[in-house]
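Just so we're clear, the structure is a prediction, and the values are computed from it rather than from any experiment.
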Amino acid sequence: MARDLTMVLRGYEPAAVDALLDQAEAATASADESVQAAARGALQDASFAVALRGYDRLQVDEEVGRLRAALGDGAVSHTPAEPQPDDFTVVLRGYDRGEVDRALVAADAALETDGEFARAAARDALRDTRFAVTWRGYDRGQVDRSVTARLQRLS
């Protein structure tokens, strides 16, 4: 099955991910409880090798969490909705890591304060920031989602 997963440097090994996700997706369509139980167990024990070029780890973890929930084990994705700067995947062409770290640290510091002025200033600064794209930078999609989440919390 074709996957809508981004290929990145140092991602999860694609063949292993595809095999597990195919098994889990087949189990969600099956009425056989033993098939579903086997898929739940495989998802629970999922551990993927990291390959030089593989699937984005955050996306795979989110997909595993979604399938676990669909199979009814009540699990929620163990991936944080808003990764911290050091949790971003480093990709071949991504946002400058230093710029991203500085901007998000400043936004987080403003979130810790009760001052409306500090929060508004941080929100405006974060909204106006344009990160440079460099070699071996942070995954742009992950950073954009994190910035959007912080902007919502700063509003």
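A distance of 7.0 Å separates CG in Leu43 from CZ in Arg68, rounded to the nearest 0.5 Å. Note that the CG atom of Leu126 and the CG atom of Leu104 stand 6.5 Å from one another [nearest 0.5 Å]. Residue Arg145 holds its CZ atom at 9.0 Å from CZ of Phe88, rounded to the nearest 0.5 Å. Taken from CG in Asp139 to CZ in Arg57, the straight-line distance is 11.0 Å, to the nearest 0.5 Å. In this structure, Glu25 CD and Leu71 CG are separated by 10.0 Å, a value rounded to the nearest 0.5 Å.
Residues passing the side-chain contact (heavy atoms from CB on, under 4.5 Å) test with Ala122 are Ala110, Leu154, sequence neighbours excluded. Under the rule for a side-chain hydrogen bond (donor to acceptor under 3.5 Å, both in side chains), the partners of Gln59 that lie at least two apart in sequence or sit in another chain are Thr6. By the side-chain contact (heavy atoms from CB on, under 4.5 Å) test, Ala37 is found to be paired with Glu33, Arg40, residues two or more places apart in sequence or in another chain being considered. Residues passing the side-chain contact (heavy atoms from CB on, under 4.5 Å) test with Thr129, sequence neighbours excluded: Phe131. For Asp96, there are no side-chain hydrogen bond (donor to acceptor under 3.5 Å, both in side chains) partners, not counting sequence neighbours.
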Problem - Chi angles and distances behind the side-chain hydrogen bond (donor to acceptor under 3.5 Å, both in side chains) call for Asp32, Ser30 - result: CA-CA 5 Å; Asp32 186 348; Ser30 174; 5.2 Å; no

Exercise for the section: Could you go through the side-chain contact (heavy atoms from CB on, under 4.5 Å) check for Tyr138 and Thr89 one step at a time? Expected result: CA-CA 6 Å; Tyr138 286 140; Thr89 303; over 6 Å; no

Exercise for the section: Please report the C-alpha distance between Leu9 and Val90 in whole Å, then the side-chain angles of each, then the deciding distance to 0.1 Å, and finally whether the side-chain contact (heavy atoms from CB on, under 4.5 Å) criterion is met. Expected result: CA-CA 7 Å; Leu9 291 177; Val90 175; over 6 Å; no

Problem - side-chain contact (heavy atoms from CB on, under 4.5 Å) evaluation trace for Arg93 with Arg140 - result: CA-CA 9 Å; Arg93 302 255 318 136; Arg140 290 181 269 182; 4.3 Å; yes

Problem - Verdict with reasoning, Tyr12 to Asp56, per side-chain hydrogen bond (donor to acceptor under 3.5 Å, both in side chains) - result: CA-CA 7 Å; Tyr12 288 143; Asp56 183 290; over 6 Å; no

Exercise for the section: Decide yes or no on side-chain contact (heavy atoms from CB on, under 4.5 Å) for Arg53 and Val8, but give the supporting numbers first. Expected result: CA-CA 6 Å; Arg53 277 192 44 81; Val8 297; over 6 Å; no

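By the rule that hydrophobic residues join a cluster once side-chain heavy atoms approach within less than 4.5 Å of another member, Leu111 and Val100 end up as members of one cluster. Under a hydrophobic-cluster definition in which Ile, Leu, Val, Met, Phe, Trp and Tyr are linked whenever side-chain heavy atoms come within less than 4.5 Å, directly or via other members, Leu92 and Val143 are assigned to different clusters. Linking Ile, Leu, Val, Met, Phe, Trp and Tyr residues whenever their side-chain heavy atoms come within less than 4.5 Å places Leu67 and Leu5 in a single cluster.
Residues Val64 and Val17 form no side-chain contact, since every pair of their non-hydrogen atoms from C-beta on lies 4.5 Å or further apart. In this structure the side chain of Gln23 never reaches within 4.5 angstrom of the side chain of Val35, judged on heavy atoms.
Residues Glu99 and Ala132 approach most closely at OE1-N, 3.0 Å, considering heavy atoms.
Partner of Tyr55 under the side chain to side chain contact (heavy atoms under 4.5 Å, CB included) criterion, out of Glu13, Met7, Glu63: Met7 alone.
Applying the salt bridge (charged side-chain N to carboxylate O under 4.0 Å, His left out) test to every pair with at least one member in residues 119-132, sequence neighbours left out, gives these pairs: Asp124-Arg127.
Remark: side-chain polar atoms of Thr148 are paired, donor with acceptor, to backbone N or O of Asp144 under 3.5 angstrom. Side-chain N or O atoms of Gln36 include none that pairs as donor or acceptor with a backbone N or O of Ala31 at under 3.5 Å.
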